[in-house]
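Right, one structure below, let's go through it.
A note on names: the letters A, B, ... follow the listed sequences, proteins ahead of strands, and every chain is numbered from 1. Just so it is clear, the values below take in all heavy atoms, side chains as well, and ignore hydrogens, waters and symmetry mates.
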2 protein chains.
Amino acid sequence: MSELFKANLQKFITMTDEEFALIMGYFEVKTFDKKQNLLEEGQVCHQNYFVLKGLLRKFYINEKGIEQTTDFALESWWMTDNFSFERRTPADFSIQTVEKSEVLAISHDSQEKLLNDFPIMEKYFRCIYHRAFASNQRRVKYIFSYSKEEFYFSFAKQYPEFVQRVPQYLIASFLGFTPEYLSEIRKKSVS
Amino acid sequence: MSELFKANLQKFITMTDEEFALIMGYFEVKTFDKKQNLLEEGQVCHQNYFVLKGLLRKFYINEKGIEQTTDFALESWWMTDNFSFERRTPADFSIQTVEKSEVLAISHDSQEKLLNDFPIMEKYFRCIYHRAFASNQRRVKYIFSYSKEEFYFSFAKQYPEFVQRVPQYLIASFLGFTPEYLSEIRKKSVS
């Protein structure tokens, strides 16, 4: 399983097998059942997660008491509440498994120690955060400029795997509309 | 002027005066008049900008032909089209000065060389991108959960300097509504 993490590291940095084994020592492998909470909104987020197998989602409870999903993470993606993890403040989001999942978990202190002991990991996380930031900026553009229908079809085209794996009501929540509306759009696209 | 950049670096990393002088050698100081374009949507973005004085905005032209502002950068903020800068692809956004501005500009090749020659800069950019990513994630939550009025008042409270410096029509564009609507909200808050 750790091969997936090794391959992800090797996209950005080079290291020996010995170094990889030492780097792995900073992480714990954790498994979670479907729909288990890894973090609850309002708690301090102590861990950063790399998905080895399964699927996570990030959400918050909106003013109507409804769960609004904002992000998904499947294999080889990182997920945490970034502000809370960094600053030890209450989390803005909850994190929950969508499927039975296996993750690598690293605590804030271990991540700081890892970055200190293996400065090459600075480069790795610089690249990871840069891409995540770039994607998020593009997303803000899409939120502003796409109609709900365009948003769905662009999403389905860009991430066909998500659309197959993720329950429809979660995709609807992520895209910011009701399951009924999503069902209508899907019917239209077939007819 | 470079003192502002030095102070920003020192928030995250330590370096000697000699090292700082060498690091500065990778940057060019550039000045721009008000409303000058630093980048046009569709071009490849060759530079990453750190604002020494003035104010930049990032925008794109939406399907109605209207400029939609998505970000601002004032003193000590970085701005670029991250995907385009990283991958040499056409930019999703334009970048323009709101005020007469002075910036530090670094090309993609120079930034790669800088990171290679001064690995401590990996840590600096890791921290910069991490914060930018965290802020953007929180922003997605706000876009989903705040009403237009709440969005404006939260923005005005969090960034009073912006609201004073930025023309009202740009704040309206950034918040995703018309100048007329903004004017109405502001009147309501006074009455």
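- Evaluation of the salt bridge (charged side-chain N to carboxylate O under 4.0 Å, His left out) rule for B:Lys141 yields A:Glu41 as partners, not counting sequence neighbours.
- In the hydrophobic cluster analysis, where Ile, Leu, Val, Met, Phe, Trp and Tyr join through side-chain heavy atoms closer than 4.5 angstrom, A:Phe72 is grouped together with A:Tyr142.
- Interface residue A:Ser135: backbone and side-chain heavy atoms are both found under 4.5 Å from chain B.
- Hydrophobic clustering (ILVMFWY, side-chain heavy atoms < 4.5 Å, transitive): B:Leu56 and B:Leu74 are in distinct clusters.
- Interface remark: A:Asp81 contributes no atoms to any contact with chain B (heavy atom separation under 4.5 Å).
- If you tally non-hydrogen atom pairs under 4.5 Å between each of B:Glu63, B:Arg138, B:Arg139 and chain A, the highest count goes to B:Arg138.
- Nearest heavy-atom pair across A:Asn136 and B:Val140 is OD1-CG2, 3.6 Å.
- Proximity to chain A is limited to the side chain of B:Tyr60, based on heavy atoms less than 4.5 angstrom apart.
- With a 4.5 Å cut-off between side-chain heavy atoms of Ile, Leu, Val, Met, Phe, Trp and Tyr, the cluster of B:Ile61 takes in B:Phe59.
- Looking at A:Lys58, only its side chain comes within 4.5 Å of chain B, counting heavy atoms on both sides.
- Interface residues of residues 105-133 of chain B toward chain A, defined by a heavy-atom distance below 4.5 Å and sorted by number: B:Glu112, B:Leu115, B:Glu122, B:Lys123, B:Phe125, B:Arg126, B:Tyr129, B:His130, B:Arg131, B:Ala132, B:Phe133.
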Worksheet item: Between A:Gln137 and B:Thr70, is a side-chain contact (heavy atoms from CB on, under 4.5 Å) present by the stated rule, with each step listed?
Response: CA-CA 8 Å; A:Gln137 285 217 304; B:Thr70 59; 5.9 Å; no
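- In this structure, B:Tyr159 is a member of the same hydrophobic cluster as B:Ile143, with clusters built from ILVMFWY side-chain heavy atoms closer than 4.5 Å.
- Residue B:Phe162 is grouped with residue B:Tyr169 when hydrophobic side chains (ILVMFWY) are merged at heavy-atom distances under 4.5 angstrom, including chains of intermediate members.
- Under the 4.5 Å side-chain heavy-atom criterion for ILVMFWY residues, no single connected hydrophobic cluster contains both A:Tyr146 and B:Phe83.
- Remark: A:Lys6 pairs with A:Asp17 by the salt bridge (charged side-chain N to carboxylate O under 4.0 Å, His left out) rule, at least two apart or across chains.
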